[in-house]
Every structure is written in structure tokens, then in C-alpha cells.
Amino acid sequence: MPGAAVIGLQWGDEAKGKIVDILTDRNDIVVRYQGGANAGHTVVFGGENYKLSLIPSGIFRSNVQSVIAGGVVIDPKSLLDEIDSLTARGVNIEKNLIISDRAHLIFPWHKIEDKIMDTANGHEAIGTTMRGIGPCYQDKVSRSLAIRVGDMFKSEFHSRIEYITGIKNRRFEVLSRYLNRGINLSDLDIELDAKRIVDEYSKLAERMRPYICDTTNYLLDAVDADKRILFEGAQGSLLDIDHGTFPFVTSSNSSGGGISSGSGVPPKFISKILGVVKAYSTRVGGGPFPTEQDNEAGELLRNKGNEYGTVTKRPRRCGWFDAAAVRYAARLGGVDSISLMLLDVLSGFDILQICTAYNINGRIFNHFPSHTEDLRLAIPIYETLPGWDEDISEIKNYDQLPSNAKYYIKRISELVGKKVEIVSVGADREKTIFLT
Ligand code: IMO
Ligand code: MG
């Protein structure tokens with residue numbers, strides 16, 4: 001069975017990039033299959049820090065093929081900027097990256113729509129990354145105004161942009177008037193001028209051309225040849241469009257359900273799923289977050305963990321580990337084991353809390369509520385554990401960890417119901433403890 005996957009089990013930013021990078025050398029191919037430039041994956045090695053948004057975290061190994069599959073939504077400018085900045089740092093992209101001709105393209109109108117429509121229930125902000133992700137997936141699903149990567153090289157590309165621009169401009173006029181949220185289109189800094197967009201995207205298309213192919217066919221051939229494929233999830237399971245904290249979610253299946261639809265590789269070839277979690281919780285943007293610590297403890301987590309968005313630089317909301325939420329995500333993703341990340345950030349806390357269940361209107365919930373209103377009312381039921389003072393960032397073996405840190409790992413494993421396979425004690429590749 002050739003396929004393995006790495007997925008986030010919280011609200012994103014679990015340090016999936018580090019785990020993908022580590023596992024890459026055991027694989028032939030690394031695939032991004034959903035999301036877009038809303039993702040911010042960090043890989044650190046040899047004293048260098050690399051930030052990736054669209055390009056798979058496997059790109060640093062020259063013998064591994066990186067694939068951006070059809071389920072990803074691609075902002076060409078953002079992609080080419082990423083390619084340029086990695087190339088300038090000596091990373092060889094040309095030979096190692098292929099991009100699906102089925103992936104959908106993000107256009108300037110999607111970013112404008114993201115700004116105008118970033119609201120749940122008409123009043124509360126979702127707090128999106130403003131990268132046009134939701135509007136692009138919306139156009140994909142509704143079909144009539146969508147443009148895919150492969151369309152860039154067909155004869156109707158220019159006329160489609162002109163047609164869509166006309167419709168979108170009319171729509172913005174109406175929406176901005178109707179929503180009356182103080183958004184002035186002229187403030188959005190983008191003039192939807194069809195000719196300008198045609199010129200810009202034609203140039204971007206030519207630069208993308210060498211990377212583009214039918215990645216579905218490529219991956220199906222790889223499956224037949226028994227190649228080892230690693231699937232790199234973006235975002236986290238609790239941001240999944242169907243199973244997350246809707247509507248405060250992203251617009252793709254980030255819980256693992258999107259692997260097959262996004263890549264074309266049938267589910268039966270994916271034999272191992274590794275769930276990645278932080279040793280505490282964070283969330284960017286709006287939506288319920290039961291274990292949030294909007295206090296000194298949260299501030300300490302934010303400072304020690306440098307919890308600021310890779311993509312948007314927003315301070316992340318921080319809180320205690322939520323085992324009830326992660327247990328749900330681990331079952332949903334069918335994960336085999338867990339990678340526990342950023343454990344070093346917890347050094348120095350007198351006590352640590354883990355949420356084991358919720359109290360909602362006097363009823364105990366051991367499962368994750370399906371409606372955000374219930375989750376908003378959820379009072380976490382905590383188990384309190386002793387902390388540790390030692391700096392653990394140089395520790396290489398599980399046995400050398402302070403006993404309270406070992407106990408913390410053990411309780412997470414028990415409460416989530418999965419074994420912990422990897423513990424990370426720092427961003428660098430080297431700062432990784434493998435438990436066998
Ligand atoms: P990685 O891959 C953390 C969040 C946004 C917002 C919601 C919807 O780095 O884990 P979107 O722009 O996707 O429509 O925003 O989802 N979000 C993420 N949060 N990490 C991410 O990716 C995220 N991608 C989207 O903050 O709340
Ligand atoms: Mg992120």
C-alpha cells in the first residue's frame with residue numbers, strides 16, 4: 001500500500017510542515033491536495049527557515065517529486081513568488097514540482113469577494129486569510145464562473161475572463177450597496193479591468209506552463225508502480241467545511257476526507273494516517289474555541305510559541321489542549337498515531353490543563369458538538385496536570401524527558417485514544433523525538 005498522509009487535528013498551524021519534511025525522505029512523492037495560499041507551512045533545517053504556502057513541504061529533497069494536485073486552489077502570482085524566493089535560496093524547483101491542470105485558479109475578483117463576504121450569519125466575521133479561497137471554491141462548485149489551470153492555454157481563456165469580469169463587477173456593485181458594511185470598492189485597491197487581468201494572467205500562464213500536467217494520471221501511474229506517496233494536508237480537521245466548526249471553517253475538506261477527491265488517488269491506497277497536534281491549542285480568526293485562555297496563560301503561550309500567523313501575521317488565539325476536540329478529529333481522520341508538536345513551549349508552567357469533555361447547559365458531552373452555538377456554550381471539564389521547569393528543547397530521547405512531560409504525553413495519548421509516535425521539542429528537523 002503506497003499512500004500515507006499527514007493531517008492537522010486542530011484548527012491549523014499544528015506544524016504539519018515539519019512532519020511532512022521529516023517523512024519525505026521515506027517517500028517518492030509528496031502531494032498537496034486541498035486548500036491554497038491560506039496555508040503557512042514552516043520547515044527549518046541547517047539554521048534556515050523556509051515558509052511555504054502552496055508548494056509541498058517535500059520540495060527540499062531533490063529525489064522527491066512534489067505535486068500540487070487538482071483539489072488545490074492556486075493563486076498564480078503567489079505560487080510564482082514562492083517559486084522565485086525558493087529558487088533564489090538554491091532550492092531546485094524546476095525538476096521537482098508538477099501542478100495539476102485541473103486545479104482551480106484564484107483571480108482578483110475572488111479576493112474582493114473574500115473581503116466583501118467575510119461574514120458568518122451576516123454579522124460575525126469568519127476572519128478568513130483574505131486569499132480568495134472560499135470564493136474560488138464557490139465558483140468551482142457552481143461551475144459557470146470557474147477557470148481551471150488547464151483553461152489558461154485554451155482559445156477561450158481571454159473571452160472567459162472578459163465575460164466573468166463583467167458579471168463580477170455588477171455583482172460587487174450590488175453587494176457593496178446591499179451589505180452596507182462600510183466597504184468601499186475603491187478602497188479595495190483593485191480595479192477589475194478585464195484587459196489588465198488578461199495581460200497579467202497570460203504572462204503568469206507562460207511562466208507556469210513548464211510545471212503543468214495531468215497530475216491525476218501521474219499519481220495513478222505512481223500507484224501502479226508501487227511508488228510511496230505522502231499526502232500533505234493543509235489547515236486542520238476542525239476547519240473542515242463539512243465536519244468542522246461551520247461556518248467558521250475553510251472551504252475544503254481538511255480532515256483527511258479530501259485526500260482522494262483532491263488528488264485522484266483512491267482511498268484504498270492510503271494505508272497510514274498521521275495526525276499532527278500542538279501540545280496546546282490555537283485558532284486564528286473567528287468561531288468558538290472552548291479552551292481559549294484570553295488571559296496571562298494564553299499570552300504566555302502566544303509569546304513562548306511565537307503564535308502569530310505565518311500567512312497573515314495575526315496573533316493567534318491560544319488555550320489549553322482540548323482532548324475532546326482532538327479525539328473527535330482523530331476518529332474522523334482515522335488516524336493511526338499522533339505527532340505531538342511544540343511540547344517545549346509548555347516548559348515553565350506550574351500546572352497544565354487538558355479538556356476531557358464539555359458541560360453544555362448542565363449536560364456532559366464527551367463528543368464534539370455539531371453546532372457552533374452549542375460549542376460556544378461549552379464549559380470545558382479540565383484535568384489538571386503538574387508542569388515542568390526544565391528546558392526540553394535539546395532532548396533527543398523520550399527517556400530523558402522530565403517525568404511530568406512524559407505523564408502529559410501519556411495522558412494525551414490515553415484521552416485521544418491514539419498512540420503518540422513523534423514528539424517535537426523545537427522547529428528544527430533535529431529537534432524530534434521518535435517513540436517506538
Ligand atoms: P495551515 O495549513 C490556521 C483559517 C482562517 C479562518 C478560516 C477561513 O497553516 O494550518 P480561509 O482563508 O481558509 O477562508 O479562512 O480558516 N485558516 C487557517 N488557520 N492555519 C491554516 O493553514 C489556515 N487556513 C485557513 O484563519 O479562520
Ligand atoms: Mg497557518
Item to complete: Before giving the answer on salt bridge (charged side-chain N to carboxylate O under 4.0 Å, His left out), spell out for Glu292 and Arg302 the whole-Å C-alpha distance, their side-chain angles and the decisive distance to 0.1 Å.
Response: CA-CA 12 Å; Glu292 180 170 16; Arg302 186 174 308 113; 5.9 Å; no

Item to complete: Could you go through the side-chain contact (heavy atoms from CB on, under 4.5 Å) check for Thr245 and Arg283 one step at a time?
Response: CA-CA 12 Å; Thr245 52; Arg283 171 161 211 176; 3.2 Å; yes

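Annotation: the span from Ile167 atom CD1 to Leu192 atom CG amounts to 12.5 Å, rounded to 0.5 Å. Remark: Ile147 CD1 to His110 NE2 distance equals 8.0 Å, nearest 0.5 Å. From Phe231, atom CZ reaches atom OH of Tyr33 across 8.5 Å, with rounding to the nearest 0.5 Å. Annotation: the span from Arg160 atom CZ to Ser144 atom OG amounts to 8.0 Å, rounded to 0.5 Å. A distance of 11.5 Å separates CD in Gln65 from NZ in Lys95, rounded to the nearest 0.5 Å. Atom CD1 in Ile19 sits 6.5 Å away from atom OG1 in Thr432 (nearest 0.5 Å).
Two residues are said to be in side-chain contact when any heavy atoms from C-beta on lie closer than 4.5 Å; Ile68 and Leu97 meet this criterion. For the pair Phe321 and Cys355, the minimum side-chain heavy-atom distance is 4.5 Å or more. With contacts defined as side-chain heavy-atom distances shorter than 4.5 Å, the pair Val31/Ile229 qualifies. No side-chain heavy atom of Asp374 sits under 4.5 Å from any side-chain heavy atom of Asn361. Asp221 places none of its side-chain heavy atoms less than 4.5 Å from the side chain of Tyr218. A 4.5 Å side-chain heavy-atom check between Ser337 and Val420 finds every atom pair outside the cut-off. Side-chain contact between Val425 and Ile433: present, with at least one pair of heavy atoms (C-beta onward) separated by less than 4.5 Å. Looking only at side-chain heavy atoms (C-beta outward), Tyr382 and Ile354 stay at 4.5 Å or farther from each other.
Tyr163 OH: 12 or fewer foreign heavy atoms inside a 6.0 Å radius. Annotation: His371, atom NE2; neighbour count of heavy atoms from other residues, nucleotides and ligands within 6.0 Å does not exceed 12.
Asp13 and Arg316 are joined by a salt bridge, as a carboxylate oxygen and a charged side-chain nitrogen come within less than 4.0 angstrom of each other. Between Asp294 and Arg317 there is no salt bridge, since no side-chain N of the basic residue sits under 4.0 Å from a carboxylate O of the acidic one. Salt-bridge check for Arg89 with Glu48: passed, with a basic side-chain N closer than 4.0 Å to an acidic carboxylate O. A salt bridge links Arg171 with Glu113: the distance from a Lys NZ or Arg NE/NH1/NH2 to an Asp or Glu carboxylate oxygen falls below 4.0 Å. In this structure, Asp139 pairs ionically with Lys168, as a charged nitrogen and a carboxylate oxygen lie closer than 4.0 Å. In this structure, Lys304 does not pair ionically with Glu299, as no charged nitrogen and carboxylate oxygen lie closer than 4.0 Å. Taking a cutoff of 4.0 Å between a charged side-chain nitrogen and a carboxylate oxygen, Lys278 and Glu14 do not qualify as a salt bridge. Classification of Arg102 and Asp214 as a salt-bridged pair holds, one side-chain N sitting under 4.0 Å from a carboxylate O. By the 4.0 Å N-to-carboxylate-O rule, Glu124 lies close enough to Arg376 to be salt-bridged with it.
Residues Arg32 and Ser263 bring no donor and acceptor atom of their side chains to less than 3.5 Å of each other. When only modelled atom types and interatomic distance are considered, Asp114 and Thr128 share a side-chain donor-acceptor pair under 3.5 Å. Between the side chains of Ser53 and Glu82, no donor-acceptor pair of N or O atoms lies under 3.5 Å. In summary, the side chains of Tyr280 and Glu307 do present a donor paired with an acceptor at a separation below 3.5 Å, with no hydrogens or angles considered.
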Side-chain donor-acceptor distances from residues 71-80 under 3.5 Å, at least two apart:
from, atom 1, to, atom 2, distance (Å)
Asp75, OD1, Lys77, N, 3.3
Asp75, OD2, Lys111, NZ, 2.7
Lys77, NZ, Asp81, OD2, 3.1

Using residues 234-242 as the side-chain source, report each donor-acceptor pair under 3.5 Å to any protein atom, sequence neighbours left out, with the distance given to one decimal.
from, atom 1, to, atom 2, distance (Å)
Gln235, OE1, Gln34, NE2, 3.2
Gln235, NE2, Asn38, OD1, 3.0
Ser237, OG, Gly8, O, 2.7
Asp240, OD1, Asp242, N, 2.7
Asp240, OD1, His243, N, 2.9
Asp240, OD1, Asn253, ND2, 3.0
Asp240, OD2, Asn253, ND2, 3.4
Asp240, OD2, Ser254, N, 3.0
Asp240, OD2, Ser255, N, 3.0
Asp240, OD2, Ser255, OG, 2.8
Asp242, OD2, Asn253, ND2, 3.0

Under 3.5 Å, sequence neighbours excluded: what are the donor-acceptor pairs made by side chains of residues 200-211?
from, atom 1, to, atom 2, distance (Å)
Tyr201, OH, Ile106, O, 2.7
Ser202, OG, His158, NE2, 3.1
Ser202, OG, Val198, O, 2.6
Glu206, OE1, Arg209, NE, 3.0
Glu206, OE2, Arg209, NH2, 2.9
Arg207, NH1, Asp84, OD2, 3.3
Arg207, NH2, Asp84, OD1, 2.8

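At distances below 3.5 Å, at least one donor-acceptor pair connects side-chain atoms of Asn295 with backbone N or O atoms of Gly298. Proximity of a side-chain donor or acceptor of Asp118 to a complementary backbone N or O of Gly127 within less than 3.5 Å is detected. Of the possible polar contacts, none joining the Asn27 side chain to the Ile29 backbone as a donor-acceptor pair under 3.5 Å is found. The closest donor-acceptor contact from the side chain of Gln293 to the backbone of Thr291 lies under 3.5 Å.
Here the shortest heavy-atom pairing between Gly35 and Tyr137 reads N-OH, 2.9 Å. Of all heavy-atom pairs spanning Ile59 and Val91, the tightest one is O-CG1, 3.8 Å. Closest of all the heavy-atom pairs between Asp101 and Arg148 is O-CB, 3.9 Å.
Ring centers of Trp11 and Phe289: under 6.0 Å apart, within the cut-off. You'll find the ring centres of Tyr328 and Phe368 inside the 6.0 Å limit.
Evaluation of the side-chain hydrogen bond (donor to acceptor under 3.5 Å, both in side chains) rule for Lys140 yields no partner, not counting sequence neighbours. By the side chain to side chain contact (heavy atoms under 4.5 Å, CB included) test, Ser424 pairs with Lys18, Met341, sequence neighbours left out. Residues forming a salt bridge (charged side-chain N to carboxylate O under 4.0 Å, His left out) with Asp336 (at least two apart in sequence, or on another chain): none.
Using cut-offs of 30° and 60° for the angle between ring planes, the Phe60 and Phe45 rings count as perpendicular.
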